[in-house]
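These notes concern the structure reproduced below.
Residue numbering restarts at 1 for every chain, and letters A, B, ... go by the order of the sequence lines. Nothing here was measured: the structure is a model prediction, and the numbers come from that model. Values below: every heavy atom of this structure, side chains too, minus hydrogens, waters and symmetry copies.
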Amino acid sequence: MKPAPFRYAAAQSLEHALALKAEAGEEARFLAGGQSLIPAMNFRLAQPAMLIDLNPLDDLDYITVDNGALRIGARTRYSRVEHCAEVARWQPLLAEVLPNIAHPQIRNRGTLCGNLSNADPASELPAVMLAAGARMHAHSAGGDRWIAAADFFINLFETALQPDEMLVEIELPALPARSGTCFIEVARRPGDYAMAGVAASLTLDANGRCGSASIALCNAGPTPMAAAAAAQLLIGGVLDAEAIAAAAAQAQEEVEPNGNVHCTADYQRHLAGVLTRRALTSAAARARQGTSA
Amino acid sequence: MNHPLEPGLKSLAEAGLGSIALTVNGRPALLNCAPPTRLAHALRDELGLTGTKIGCDAGDCGACTVLLDGKQVCSCITAVAQCAGREVTTIEGLAQDGKLNRLQQAFLKYGAAQCGICTPGMLMAASDLLAGNAAPTQAEVEDALGGVLCRCTGYQKIVESVLAVAHDDLTLEPPTAGRAVGSRLARLDGVSKLTGAEKYGADEYPAGALWLRVVRSPHARAGFTLGDLDAFRRKYPQIEGFITAADVPENSFCVFPVPKDQPVLADGHVRFRGEAVLGLLGERDAIIAIPEAEMPITWQPRHALTEPEEALTATGDLIHDFAPENVLCRGRVVKGDVQAAFPMAAHVVEENFRTSYVEHAYIEPEAGYAEVVSQGGQERLRLFVCTQTPYMDKEEVARVLKLPHDRVRVVPSAIGGGFGGKLDISVQPLLAVAAWKLKRPVRIVYTRPESMASTPKRHPSRIRVRLGCDKEGKLTAMDFAGDFNTGAYASWGSTVANRVPIHASGPYALPNVRALTRAVYTNNAIAGAFRGFGVPQACIATETLMDELAEKCGIDALEFRYRNAIRAGDATACGQVLQASAGLDQCLDALRPAWAGAKEASAAFNGQAIRSGSRKRRGAGLACMWYGIGNTVIANPSTMTIGLRASGRVVLYNGAQEIGQGTYTIMPQIAADALGVPVSLIDQVHSDTDLTEDAGKSSASRQTFVSGNAAKFAAEDLRRQLLQLAGTAADATLRLEGTALIAGTSRIDLQGLTPINERGDLALGSGYFNPPTVPLDADGQGVPYATFAFAAQLAEVEVDLDYGTVKVLHIHAAHDVGRAVNPTQVEGQIHGGIAQGLGLALMEEYISGKTDNLHDYLIPTVGDMPRITTYLIEDAEPLGPYGAKGVGEPALVPTAPAIYSAIRAATGVRVRLAPATPDRLKAALKAHEAGQRL
């Protein structure tokens, strides 16, 4: 099947892309890797009037580390991040999640910012952004703004981006010392979207108690779901099996799964609990060992 | 349609507006297509590089994988604009100077390509890996190939081939005269599959062919009226023609003589979602661009009967007027006295089972073209199409067009997977009607959702079984009742209803059997032929109860089956006394060491898991099967001919349709040994209804047994004629040396002989075989099949008790194939059958409108497959060619019950609904832990 006819423009610069978008408005879509957008267009599930191709923008393909933060540009593809040693060192959660995302073909084309702009709650990356405390850098002709991941994902396939804005960069804070992270999911097959998945990040204080905690789940509601109350239960306490079990039980209460063709909502809720327990257990062990991941 | 770049043309701008310059397979190319055009379409349509396949058009199957600057990408979801100035490598770019590269050689040697439709994607994904890692590990290979789906091979030979590139000697040693049968001859149609040269249904069409777009029902049951088509055409002038029910000379078809219940195009009433109602013809992109919502059709939806329970009790609400109670067909086998036997049994078990719709998911969607050709002053219809059954297609298309059979010619394309799905009618009559009406060539390629919605599936089943044995553990009685949802039209539903009761007893000696089946019409997807014709569903039920009975008797599950195994001299439930080649006991013997080892290993694992608090458990399970080779009673003859040419080469006219299973290799192997020449001297004319004799369908695991015999007899006939010509004794040796025939002591110069036909054959041998059967009486007593295949499979699984997920670790598959004509291909069939059996057990569930794509309909990936160990048992079948039987369907039948048996061993949970998805298994585990039954 061929997609419906539409206009296509290759962006010559970021400003050119934004100008085109500002002119065309919501009918236009940015095309990055296209690994979600093009299949949707092939089956007419998406019919943008115009595509603004970001692929010529080589200057948006970068991974940098400075001031204790990891920055990834809008044109940076999964495979580059997956194979970047700096990423594994600074934000192991991201390194751990990437092999779970589809298959090599998709990772060779798809971009992180494209995925996040698509805001599919079934995808692993939005949950990882929440757990990692990422900030999203939105840019438009009118200027820049930084949006916390927690404020970025508004609803199913809906973000805080304005029609004239582009997600040009994501910024992930480096993990503090005595931290441990874990991403874990259950998918029907390797590479499929998870039936549910959990990203957890824990940092111990000087006394070995939980100094900070964040937990976020994918495919557990209309957006990536932060299990904030579950994380709160852990803070200040010892990360033992009992505390982790209590947090996992709380996380199970915080999710809003809908069920889908692959599993029931009950099962997703069940997984949310089990996965949270397993993810926290691993993350805590890693934090104690000082291995991060 | 090549657009070579002029020398000196440097940039995109210089190439002109709308043109995209890139490098393809090391050569500059210029694409004159819109920037968002998918690379896959551009490669195929603009550059004629049809080696790159489109299986899903959504990035789900990976058949379209190419290299972009050396990295694997899905070309169906990559815009050509993003390839400007970059290097693309396709399968056509792998062989250098006409010589296969090492990866291709490894694929050829180890049988990694079966149907070949995923081969381009596999080769390109592996090329990416090997370029950066010359000696990868198995895990690295599996990761690299994870995005390419294969439905034939079970992946094992593909992975082995990629691993072999680093070290193995990849030269091929063709068998010498008399040693072809039993050799691992590389597939003779292999090279074209490995270079991208093979032409599948979508890969070839005449210039100017119109595109046929089929408009289909969005409703499961509805009345409809077509609006003003002339007005519609005025609005959309790109429409160059229509086909409607009124254009179909005989608007009904079915694979069976009765009932011809399915219209080519529905006439005012549809019975399932996806039924064809209208055809639009025109230029492809223009005709596809017309919005679905604009179609001039008014629908009157009706209540749909989607489940058999409802259809059976919907008094007076008939889906077809001729089928009271909505029953298409009843099957019945009754032997002994079940009612008297059960009260005498020492142990009795009983259970209900359900299975779901299963989609064939061949990676090649249905495709082809039809054209009207003038021949001898007469118009004929020529049909190029992917099919398992060219001769049936010819008859059915002739019937629909109301033409004599000889005015239709079917030229099969290469087939990108069939598994029973292409044993049915899909695009054939639609193309024929359109081409005949417009007198222009017409082509079609189904979209993936269209293929899935409109073509038949495996029947969902509801089966109740009661099984009893005496205190020694000898089976005494089975009562079996099964309802099979056949959907809106008959397709092969009658075959399922009839085949299942014959096989219901399983491969066991059982004195008292009652097996009753019904194929029930519903307004759901059509169910038809799918590898095993209902027997896999029945095997789940009966083998699960075999485990239960063994446990009640306190007998080991293998031993229990061994004691009850049917053997030569025993009578089947149909009263057929097996004469020979009943090798189940040998299959079970072959598995004994693995069975003991697997039980011990899982017990040790579980002990450790319990001690360490792990929630993983392992288990080992067994299942057995038998399978009748060929049609059930119905005649299924094959004819083969083989000629000798003046060139000194032999030509086999091979009408046994290749569908990936290897008939274009097996038949020459058999013919070569029967004639007494090396297989390298044999050329072939492949299946074509004008050029080859009718060798029946590639179905029912029949080709090796039936057509193999025909090939053997044909070659023996030719040998007889040649020896006669040479005037030598019937047992003289025969050799071909250049253009000389040497028989015994005489030498004949073939150039001096006069051909007997216009093809140039100097002599033509002919062979015919129709398996001997005896019609079944009202109680199903008779001889339904000339021979049976037998198998036992052992599954080792690991279950995560928290997740409810199952990882199959290892399958040991022992198959009595009579004789393995080509062990590589036999193993390939077993591996592929196991992959489909694993899918049936754990993953696959087609839900109309919800899983009409390869993203939501899940078939096993390389990462889902266990290690497979095969054990080939060769209990020769006296009726078979060199003792051979068949293996295509038997490979799949015992896999799902073996996996379920292993799950039960690991967890105590008895699976009663296929597929055992994680959510279902988790619910069952919870109930089991709570002491409840779910």
Side-chain angles (χ1 to χ4, degrees), chain A residues 1-10 31 33-45 47 51 53-56 77 79 99 102-110 186-193 195-196 241 259-268 270-271 273-275 277-278, chain B residues 34-38 41 56-60 62 65 68 71-74 76-79 81-82 84 125 128-129 142-144 146-148 284-285 288-289 291-292 447 449 615 800 802-805 843 845 847 850-851 853 855-856 858-864 917-920 922-923 926:
Chain A
M1 203 179 288
K2 286 240 177 160
F6 52 90
R7 287 199 299 142
Y8 168 91
L31 176 65
Q35 302 298 282
S36 297
L37 182 54
I38 292 187
M41 287 167 59
N42 280 359
F43 289 93
R44 292 167 188 265
L45 303 171
Q47 296 185 285
L51 281 184
D53 192 347
L54 306 181
N55 279 266
R77 305 188 197 278
S79 53
H103 296 289
Q105 294 101 320
I106 307 298
R107 298 201 292 273
N108 282 336
R109 294 299 298 158
V186 181
R188 291 288 301 274
R189 302 179 301 183
D192 284 347
Y193 278 143
M195 292 180 283
N260 57 44
V261 73
H262 299 300
C263 59
T264 61
D266 279 352
Y267 178 74
Q268 287 179 303
H270 161 77
L271 276 188
V274 175
L275 289 169
R277 178 166 50 76
R278 290 193 185 186
Chain B
T37 304
R38 308 306 174 262
H41 293 270
C56 68
D57 221 7
D60 296 324
T65 300
L68 182 61
K71 290 288 157 203
Q72 57 166 315
V73 302
C74 286
C76 78
I77 52 171
T78 301
Q82 299 182 354
D128 177 0
L129 171 71
E142 291 183 5
D143 283 347
V148 189
R284 182 181 63 182
D285 293 351
I288 288 172
E292 192 75 29
T447 66
R615 293 283 286 162
D800 187 309
D802 283 341
Y803 296 161
T805 49
M843 295 182 180
E845 181 168 14
I847 305 166
K850 291 188 176 170
T851 63
N853 59 65
H855 188 76
D856 292 312
L858 308 181
I859 66 171
T861 69
V862 65
D864 297 298
T917 54
D919 57 350
R920 287 173 183 159
K922 181 61 208 175
K926 272 187 185 162

Legend entry - Largest heavy-atom contact set with chain A, pairs under 4.5 Å, which of B:Ala79, B:Ala81, B:Gly804, B:Gly59: B:Ala81
Inset, instruction - Check whether B:Val148 gets within reach of chain A through its side chain, its backbone, both or neither, counting any heavy atom under 4.5 Å. - result: both
Legend entry - Non-neighbouring partners of B:Thr861 that pass side chain to side chain donor-acceptor pair (under 3.5 Å), sequence neighbours left out: B:Asp864
Legend entry - Main-chain N/O of B:Val73 paired with A:Asn108 side-chain donor or acceptor, under 3.5 Å: no
Inset, instruction - Indicate yes or no: at least one non-hydrogen side-chain atom of B:Asn853 is less than 4.5 angstrom from one of A:Phe43. - result: no
Inset, instruction - For side-chain contact (heavy atoms from CB on, under 4.5 Å), just list the numbers for A:Ile106 and B:Ile77, CA-CA rounded to whole Å, side-chain angles, deciding distance to a tenth of an Å, and then say yes or no. - result: CA-CA 9 Å; A:Ile106 307 298; B:Ile77 52 171; 3.9 Å; yes
Inset, instruction - Apply side-chain contact (heavy atoms from CB on, under 4.5 Å) to the pair B:Tyr803 and A:Leu275, showing each step before the final yes or no. - result: CA-CA 9 Å; B:Tyr803 296 161; A:Leu275 289 169; 3.3 Å; yes
Inset, instruction - Indicate yes or no for a side-chain donor-acceptor contact from A:Asp53 to the backbone of B:Pro36 under 3.5 Å, with no hydrogens or angles considered. - result: no
Inset, instruction - May I have the step-by-step check of side-chain contact (heavy atoms from CB on, under 4.5 Å) for A:Asp266 and B:Asp919, ending in yes or no? - result: CA-CA 8 Å; A:Asp266 279 352; B:Asp919 57 350; over 6 Å; no
Legend entry - Min side-chain heavy-atom separation B:Gln82-A:Leu31 under 4.5 Å: yes
Legend entry - Minimum side-chain heavy-atom gap B:Thr78-A:Ile38 below 4.5 Å: no
Legend entry - N-O pairing of A:Arg277 and B:Asp802 below 4.0 Å: yes
Legend entry - Set of salt bridge (Lys or Arg N to Asp or Glu O under 4.0 Å) partners for A:Asp192, sequence neighbours left out: A:Arg189
Legend entry - Heavy-atom check, side chain of B:Ile288 versus side chain of A:Arg44, under 4.5 Å: yes
Inset, instruction - For chain A, find which of B:Pro918, B:Gly146, B:Gly863, B:Ala58 contributes the most heavy-atom pairs closer than 4.5 angstrom. - result: B:Pro918
Inset, instruction - Against chain A, label B:Lys922 side chain, backbone, both or neither, depending on which of its atoms sit under 4.5 Å from a heavy atom there. - result: side chain
Legend entry - Structural part of A:Arg188 lying under 4.5 Å from a heavy atom of chain B: both
Inset, instruction - Give the member of A:Pro39, A:Gly34, A:Gly191 that has the highest number of heavy-atom pairs under 4.5 Å with chain B. - result: A:Pro39
Legend entry - Heavy-atom pair count under 4.5 Å with chain B, highest-scoring of A:Ala40, A:Pro104, A:Pro56: A:Pro104
Inset, instruction - Test side-chain contact (heavy atoms from CB on, under 4.5 Å) on B:Lys71 and A:Gln105 and set out the steps. - result: CA-CA 8 Å; B:Lys71 290 288 157 203; A:Gln105 294 101 320; over 6 Å; no
Legend entry - Non-hydrogen side-chain atoms of A:Met41 and B:Arg38 separated by less than 4.5 Å: yes
Inset, instruction - Could you tell me whether A:Arg278 and B:Asp800 make a salt bridge, using a distance below 4.0 angstrom between a side-chain N and a carboxylate O? - result: yes
Legend entry - Part of B:Ala144 lying under 4.5 Å from any heavy atom of chain A: backbone
